[in-house]
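Hydrogens, waters and symmetry mates are skipped; everything else that's a heavy atom, side chains included, is used.
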Amino acid sequence: MADSRIVFVPIECRPLLGVAEAAALCGLTEKAIRCAVRRGDLLVCYVPGSSTMRIRRRDLDDWIGMLPGRMQ
C-alpha cells in the first residue's frame, strides 16, 4: 500500500503557487497579483480540468524583476 502522508514543501521551494501564496511570497496583495494577471503582465497556468490559477515560481520571479525601481 502506498504511503499517503502529505509532505510539507516550504513556500519558497514550490514550483507552482496559488494567488495567495504568490502574494505572500512577494509581499503584495492578492488584488495586486490578480490585476497583474488580468493585464497580462504575470503569466498563469491552469491545472487540467480546473479553473484554479497557478503561477509558476519562475514567472513570478521574472515579473518581480521587471517591476520599476524607485528613483531617489
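- Residues satisfying the side chain to side chain contact (heavy atoms under 4.5 Å, CB included) criterion with Leu43, sequence neighbours excluded, are Asp59.
- Between Pro15 and Arg56, the closest side-chain pair of non-hydrogen atoms is not below 4.5 Å.
- By the side chain to side chain donor-acceptor pair (under 3.5 Å) test, Arg39 pairs with Asp41, sequence neighbours left out.
- With sequence neighbours left out, the side chain to side chain contact (heavy atoms under 4.5 Å, CB included) criterion links Ser50 to Val47, Thr52.
- With sequence neighbours excluded, the residues forming a side chain to side chain donor-acceptor pair (under 3.5 Å) with Arg57 are Asp61, listed by chain and number.
- Applying the 4.5 Å side-chain rule to ILVMFWY residues, one finds Ile11, Leu17, Val19, Leu25, Leu28, Ile33, Val37, Leu42, Val44, Tyr46, Ile55, Leu60, Trp63, Ile64, Leu67 in the same cluster as Met53.
- Within the structure, side-chain hydrogen bond (donor to acceptor under 3.5 Å, both in side chains) pairs that include any residue of residues 21-30 comprise Arg14-Glu21 (at least two apart or interchain).
- Evaluation of the side chain to side chain contact (heavy atoms under 4.5 Å, CB included) rule for Pro10 yields Phe8, Glu12, Cys13 as partners, not counting sequence neighbours.
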